[in-house]
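Notes to accompany the following structure.
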There are 2 protein chains.
Amino acid sequence: MPRPAVPARSNPPAAVEEVDTSFLETLLGYNARRAALAVITVFVERMAPFQLKPVDFSVLSLVRHNPGITSRQLCTALGILPPNLVGMVNALEKRELVARQPHPRDGRAVGLHLTARGEKLMRDAEKTAAELEADFAARLSPSELRNLITLLKKVYS
Amino acid sequence: MPRPAVPARSNPPAAVEEVDTSFLETLLGYNARRAALAVITVFVERMAPFQLKPVDFSVLSLVRHNPGITSRQLCTALGILPPNLVGMVNALEKRELVARQPHPRDGRAVGLHLTARGEKLMRDAEKTAAELEADFAARLSPSELRNLITLLKKVYS
DNA sequence: TATTGTTATACTCTATAACTATA
DNA sequence: TATAGTTATAGAGTATAACAATA
């Protein structure tokens, strides 16, 4: 039988002066999400001149370092679902940053390659990404940054 | 003048055997996002019995440790926009986990409190969250986990 | 005049089912 | 029969503008 929705400690209708987040701050997920959000926010700002969102950057970077990569391989590597990648690649193709070429051995698949324009853009964009790392290293100290990345990899692999 | 969308290195239409993600793995944002995703995925599974999504958990946990907290304070602490919090709190109120009470000093504001049912649920849910931490400590070693959380806090604060 | 809570609404992101062409 | 790419579409998450009540 449903009980009435009455506060557990109903007597003092107190006000909260400063919010206590100490319990949440003990949780790895909470801290990882907030850190990811902080970094990605800066990333978005720095990539705006290139008109690249984080996903676009990841896609183009993988294409750059894996010329001929297929959509399926991109989806697996980045955790994107195939239907959601189609529109991204179409947009990047319309901007003449990537080009689709027939796969040498599999007639169903399509290999993705950077165009000269895409190569030029990504050379600058990856340089910008590397500079962002350097800036966070200032917040952290180079060895702490290396340590952090090592630990993060242990978490997700 | 627009150049034709021709691959930069067009000669060998090569296939990619194994995807090289080494550049992305040097980036803090990429690693932080993947780690957050990994932890949150497990979190979602473990919280399913309580029918709590990560946001619901965060909201209820802050209400638990800050009885009388206002919507505005929740939004600021969790980075949620006010219009998007309304529906969550309504749903939690309908489940009789939280109750709204008039704010003692500000007639515009509403203080949020856990009901007895909400208190009981969150006692178990926070215990489950703490166990999840312990499981990840197994992946990492307790001192590495503490170190990781410390470094993550440095990143976002 | 500014702020809290709210509604309405739009835009993005993510997820599922189903089709086609090749294997 | 299974897989790569695609389409259509639905749902969740996130964003802005505007309003009523109160400060």
Side-chain angles (χ1 to χ4, degrees), chain A residues 13 15-17 19 33-34 36-37 40-41 43-45 47-48 51-59 63 66 68-94 98-113, chain B residues 13 15-17 19 33-34 36-37 40-41 43-45 47-48 51-59 63 66 68-94 98-113:
Chain A
V16 173
E17 303 308 326
V19 177
R33 184 174 173 278
R34 288 205 56 171
L37 224 67
I40 289 169
T41 299
F43 190 89
V44 167
E45 291 168 9
M47 287 300 158
Q51 297 190 50
L52 294 179
K53 284 175 290 186
V55 205
D56 300 319
F57 177 90
S58 302
V59 167
V63 173
N66 301 271
I69 191 172
T70 68
S71 296
R72 182 63 50 157
Q73 288 174 313
L74 276 174
C75 285
T76 303
L78 295 176
I80 304 171
L81 290 170
N84 300 328
L85 183 70
V86 177
M88 300 179 206
V89 174
N90 283 342
L92 295 173
E93 196 179 28
K94 187 164 278 178
V98 297
R100 296 180 218 238
Q101 290 207 308
H103 191 281
R105 291 195 313 276
D106 190 335
R108 300 166 300 181
V110 182
L112 296 173
H113 301 259
Chain B
V16 173
E17 303 307 327
V19 177
R33 184 173 172 280
R34 288 205 57 172
L37 224 67
I40 290 170
T41 299
F43 190 89
V44 167
E45 291 168 9
M47 286 300 157
Q51 296 190 48
L52 294 179
K53 284 174 291 186
V55 205
D56 300 319
F57 177 89
S58 302
V59 167
V63 173
N66 301 271
I69 192 173
T70 68
S71 295
R72 181 63 51 156
Q73 287 174 313
L74 275 174
C75 286
T76 304
L78 296 176
I80 305 171
L81 291 170
N84 300 328
L85 183 70
V86 177
M88 301 180 206
V89 174
N90 283 342
L92 295 173
E93 196 179 27
K94 187 165 279 180
V98 296
R100 295 180 218 240
Q101 291 207 305
H103 190 281
R105 292 194 314 276
D106 190 334
R108 299 166 303 181
V110 182
L112 295 174
H113 301 259

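Only a predicted model underlies this, so the values are computations on that prediction, with no experimental measurement involved. Residue numbers start from 1 in every chain, and the chains themselves are labelled A, B, ... in the order their sequence lines are given, proteins ahead of strands.
Side-chain contact between B:Gln73 and B:Asn66 is absent, with no heavy atoms from C-beta onward closer than 4.5 Å. With contacts defined as side-chain heavy-atom distances shorter than 4.5 Å, the pair A:Asn90/A:Arg100 qualifies. Looking at heavy atoms from C-beta onward, B:Ile80 lies out of side-chain contact with B:Leu74 at the 4.5 angstrom threshold. Within the 4.5 Å cutoff, no side-chain heavy atoms of B:Arg34 are placed close to those of B:Leu37.
B:Val55 comes within contact range of no nucleotide atom at all, as no heavy-atom separation falls under 4.0 Å.
Atom pair A:Asn84:CG and D:dG5:P shows a separation of 15 Å (rounding to whole Å applied). Straight-line distance from the CD atom of A:Gln73 to the C1' atom of D:dG5: 14 Å, rounded to whole Å. Taking atom CG on A:Leu37 and atom P on D:dG13, their separation rounds to 15 Å, with Å as the unit. Atom CD1 in A:Ile80 sits about 13 Å away from atom P in D:dG5, given to the nearest Å. The distance between atom CG of A:Leu74 and atom C1' of D:dG5, rounded to the nearest whole Å, is 13 Å.
Put simply, NE2 on B:His103 and CD1 on B:Ile69 are 10.5 Å apart, with the number rounded to the nearest 0.5 Å.
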Item to complete: Go along nucleotides 18-23 of chain D 5' to 3' and tag each nucleotide: B for a protein heavy atom under 4.0 Å from its base, S when only backbone or sugar atoms are that close, - otherwise.
Response: ---BBS
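Partners of A:Pro82 according to the side chain to side chain contact (heavy atoms under 4.5 Å, CB included) rule, which considers only residues two or more places apart in sequence or in another chain, are A:Arg72, A:Cys75.
Considering only side-chain N and O atoms, B:Lys53 lies under 4.0 angstrom from the phosphate OP1 or OP2 of D:dG13.
Read 5' to 3', the first and last nucleotides of DNA chain C with an atom closer than 4.0 Å to a heavy atom of chain A are C:dC13 to C:dA23.
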